[in-house]
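Before any comments, here is the structure.
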Amino acid sequence: MTPIVSTEFSGTALPTGWFTAPWAEGGSAIVSSGVVTVDGALIGTNAFYGPGHSLEFVATFGANTSQHVGFGNDLNSAPWAIFSTGYPGGTSLLARTANGTDAVDTDLGGAYLGTPHRYRID
């Protein structure tokens with residue numbers, strides 16, 4: 001299947017169609033050498049993608065709290081389908097879903113922290 005969006009983070013800025021917003025004072029998203037390093041910030045696409053889409057990405061989650069990647073309006077409130085280190089957290093990776101009424105957290109353990117992995121959300 002041909003992707004609707006396929007983004008490589010080359011250059012030194014987020015590509016057209018992407019945004020960043022600080023989540024905490026001093027939050028940043030730095031693009032360098034094909035990698036986006038996000039610290040205390042949120043990045044996302046300007047477009048909204050509804051049901052029926054998949055998200056595939058490579059990420060390195062650290063042993064820190066509040067790291068999230070996935071589908072959501074703003075990742076502060078449901079609905080969402082994400083991989084996350086949780087809050088408070090940072091000791092394991094979680095697969096998390098929330099539809100506004102029910103939330104499910106599946107603990108994937110700590111083996112995924114600290115090294116890059118390919119993830120997919122359908």
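Since we're looking at a predicted model, the values are computed, not measured.
- Ile30 belongs to no multi-residue hydrophobic cluster, having no ILVMFWY side-chain contact under 4.5 Å with any other such residue.
- Sorted by first and then second residue, the pairs that involve residues 44-64 and meet side chain to side chain donor-acceptor pair (under 3.5 Å), not counting sequence neighbours, are Ser54-Arg120, Ser54-Asp122, Glu56-Arg118, Glu56-Arg120.
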Applying side-chain contact (heavy atoms from CB on, under 4.5 Å) to Leu94 and Leu108, what does each step give before you reach the verdict? CA-CA 5 Å; Leu94 306 170; Leu108 303 174; over 6 Å; no

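- Within the structure, the ring-ring contact (aromatic ring centres under 6.0 Å, His included) test picks out the following pairs touching residues 95-114 (sequence neighbours left out): Tyr112-His117.
- Residues Gly62 and Leu113 approach most closely at O-CD2, 3.7 Å, considering heavy atoms.
- Across all their heavy atoms, Ser84 and Gly86 have their closest contact at OG-N, 2.8 Å.
- Pairs of residues two or more places apart, or lying in two chains, never qualify as salt bridge (charged side-chain N to carboxylate O under 4.0 Å, His left out) while including a residue from residues 7-20.
- Contacts classified as ring-ring contact (aromatic ring centres under 6.0 Å, His included) and involving residues 69-96 (residues at least two apart or in different chains) are given here: Phe83-Tyr119.
- Applying the salt bridge (charged side-chain N to carboxylate O under 4.0 Å, His left out) test to every pair with at least one member in residues 87-115, sequence neighbours left out, gives these pairs: Arg96-Asp105.
- Among residues two or more places apart in sequence or in another chain, the side chain to side chain donor-acceptor pair (under 3.5 Å) test is passed with Asn99 by none.
- The minimum heavy-atom distance between Ala29 and Thr20, with the atom names listed, is CB-OG1, 3.6 Å.
- Across every non-hydrogen atom of Val38 and Leu42, the tightest pair is CG1-N, 4.5 Å.
- Of all non-hydrogen atoms in Ala78 and Gly100, the two that sit nearest each other are CB-N, 3.4 Å.
- Annotation for Leu55 and Gly70: closest pair CD2-CA, 3.5 Å, computed over non-hydrogen atoms.
- Side-chain contact between Thr12 and Ser32: absent, with no pair of heavy atoms (C-beta onward) separated by less than 4.5 Å.
- The list of ring-ring contact (aromatic ring centres under 6.0 Å, His included) pairs with a residue in residues 8-37, not counting sequence neighbours, reads Phe9-Trp18, Trp23-His68.
- With sequence neighbours excluded, no residue satisfies side chain to side chain donor-acceptor pair (under 3.5 Å) with Thr65.
- Applying the salt bridge (charged side-chain N to carboxylate O under 4.0 Å, His left out) test to pairs two or more places apart or on separate chains, none has a residue in residues 9-26.
- Annotation: salt bridge (charged side-chain N to carboxylate O under 4.0 Å, His left out) contacts of Asp39 (sequence neighbours excluded): none.
- The side-chain contact (heavy atoms from CB on, under 4.5 Å) with Ile43 is formed by just one residue from the set Val69, Val31, Val36; it is Val36.
- With sequence neighbours left out, Thr97 forms a side-chain contact (heavy atoms from CB on, under 4.5 Å) with Ala81, Val104.
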